[in-house]
Asker: 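Quick one: this structure, given as C-alpha cells, is what I'll be asking you about.
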Amino acid sequence: MEAAYDAAEMGDHATAVALWRPLAEDGVARAQANLGACYAEGLGVERDPTQAANWLERAAEAGDPLGQRNLAALHFKGEGVAQDDAAALDLYRAAAEQGDGPAQDMLSWMLLEGQGSVAADPVAARRWALEAAAQGVASAMTRLGLIAHNALGMERDPVEAARWWSEAARRGEPDGQAMLGAALHMGQGVEQDSRAAYVWLLRADAGGGALAAPFLGPVRSLLSEEDAEKAEAIAARPLPAAEEPAA
C-alpha cells in the first residue's frame with residue numbers, strides 16, 4: 001500500500017493501480033476504494049464509471065469511508081450507477097460518521113439544500129459543517145458563514161459569518177473570498193475597508209468565484225488609482241499558509 005501511495009503522489013498512477021489491483025482482488029477495502037477512485041477519475045487506467053462503481057461498492061460494503069464517499073459521488077452524478085440522491089445521502093452520512101471531512105462537507109450541503117428526499121435541516125447541516133471545518137475543509141467554512149449570515153437554524157450573526165469567511169478565504173476558497181470581500185465592502189461583521197474588500201474580490205475572481213463579479217465594479221469605483229494598484233499588487237501575491245481552523 002505504501003509503495004502504491006508513493007507512486008500516486010509522484011503522479012505515476014499506472015504503477016499505483018498495478019500495486020493496488022492484487023490487493024483489491026484479495027479483499028483489501030482501502031485498495032478497492034483507491035482502485036475505484038482511479039477508474040472514476042481516469043488515473044492510470046481508462047476512465048470507466050462502471051468499473052469504478054464495482055470496486056467502490058465492494059469497499060463501501062466493507063465499511064471503508066473513502067469507498068463510501070466516492071460511491072456517494074457516483075450516485076449523486078449518476079455515473080456507473082443510477083442517479084440516486086437518497087443513496088448518496090446515506091453513503092455520505094456513513095462516511096461522515098467515520099470522520100471523513102469531505103463527506104461531512106457534502107452531507108452538510110445536502111442537508112442544507114434538502115437533497116436526498118429529506119427536508120432541509122440547517123441545524124444538522126451546521127453541525128456537520130463544523131465537523132468538516134475542524135478538519136480544515138474550506139468550503140464548509142464558507143457554508144458556516146452563509147448559515148450565520150442568513151440566520152439558517154440560528155440567530156443571524158454577521159460577526160460569526162465574517163469570521164468563517166475569513167477562515168475560508170485564507171485557505172483559498174473563492175466563494176469565501178468573495179463573501180469576505182462583500183462583508184468588508186458593506187462593513188457587515190467587520191470594519192468597512194474598501195481596499196481590503198477589493199483584494200479579496202480580486203482573489204475570488206481569479207480563482208473562478210462567480211460571486212465576486214457583482215461587487216468588483218462598485219468597490220473599485222470607491223478607490224483611488226493608487227489604492228487600486230496597491231490592492232491589485234497584494235491580490236497577485238500568493239496567500240500565506242493558513243493556520244489551524246478557528247474553534
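Since the model is a prediction, treat every value here as computed from it, not as a measurement.
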Asker: Is it true that a side-chain atom of D84 and a backbone atom of A86 form a donor plus acceptor pair closer than 3.5 Å?
Answerer: yes
Asker: Using the ring pair (Phe, Tyr, Trp, His ring centres under 6.0 Å) rule, collect all pairs that involve residues 67-114, keeping only residues at least two apart or in two chains.
Answerer: F76-W109
Asker: If you round to the nearest 0.5 Å, how far is CG of D105 from CD of Q135?
Answerer: 10.5 Å
Asker: Keeping the roles fixed (side chain from E167, backbone from A162), state whether a donor-acceptor pair exists under 3.5 Å.
Answerer: no
Asker: In plain terms, say whether E131 and R127 are close enough for a salt bridge, that is, a side-chain N and a carboxylate O under 4.0 Å apart.
Answerer: no
Asker: Report yes or no: does R171 contribute a side-chain atom to a donor-acceptor pair with the main-chain N or O of A138 at less than 3.5 Å?
Answerer: no
Asker: Please confirm whether the backbone N or O of T142 pairs with a side-chain atom of W165, one donor and one acceptor, at under 3.5 Å?
Answerer: yes
Asker: Just so I know, are the side chains of L107 and Q115 near enough to count as touching, which here means a heavy-atom distance under 4.5 Å?
Answerer: no
Asker: Is E225 paired with R220 through a side-chain N to carboxylate O contact shorter than 4.0 Å?
Answerer: yes
Asker: For residues S108 and R126, is any side-chain donor paired with an opposing acceptor at under 3.5 Å?
Answerer: no
Asker: Ignoring hydrogens and angles, tell me if any N or O in the side chain of R156 forms a donor-acceptor pair with the backbone of H149 under 3.5 Å.
Answerer: yes
Asker: Treating N34 as the side-chain partner and R30 as the backbone partner, does any N or O pair qualify as donor plus acceptor under 3.5 Å?
Answerer: yes
Asker: CG of L146 to CE of M141: how many Å apart, nearest 0.5 Å?
Answerer: 14.0 Å
Asker: Quick check against the 3.5 Å criterion: does Q192 have a side-chain atom that pairs as donor or acceptor with the backbone of H185?
Answerer: yes
Asker: Under a plain distance cut-off of 3.5 Å, with no hydrogens placed, do N70 and Q68 share a side-chain donor-acceptor pair?
Answerer: no
Asker: Do NZ/NE/NH1/NH2 and the carboxylate oxygens of R58 and D64 come within less than 4.0 Å?
Answerer: no
Asker: Is R237 salt-bridged to E232, going by a charged N under 4.0 Å from an acidic O?
Answerer: no
Asker: Could you tell me the separation between the CG atom of L180 and the CD atom of E173, rounded to the nearest 0.5 Å?
Answerer: 11.5 Å
Asker: Would R69 and M106 count as a side chain to side chain contact (heavy atoms under 4.5 Å, CB included) if you check the C-alpha gap in whole Å, the side-chain angles of each, and the deciding distance to 0.1 Å?
Answerer: CA-CA 9 Å; R69 186 225 304 165; M106 274 301 298; over 6 Å; no
Asker: Could you verify whether a donor N or O on one side chain and an acceptor N or O on the other, from Q104 and E97, lie under 3.5 Å apart?
Answerer: no
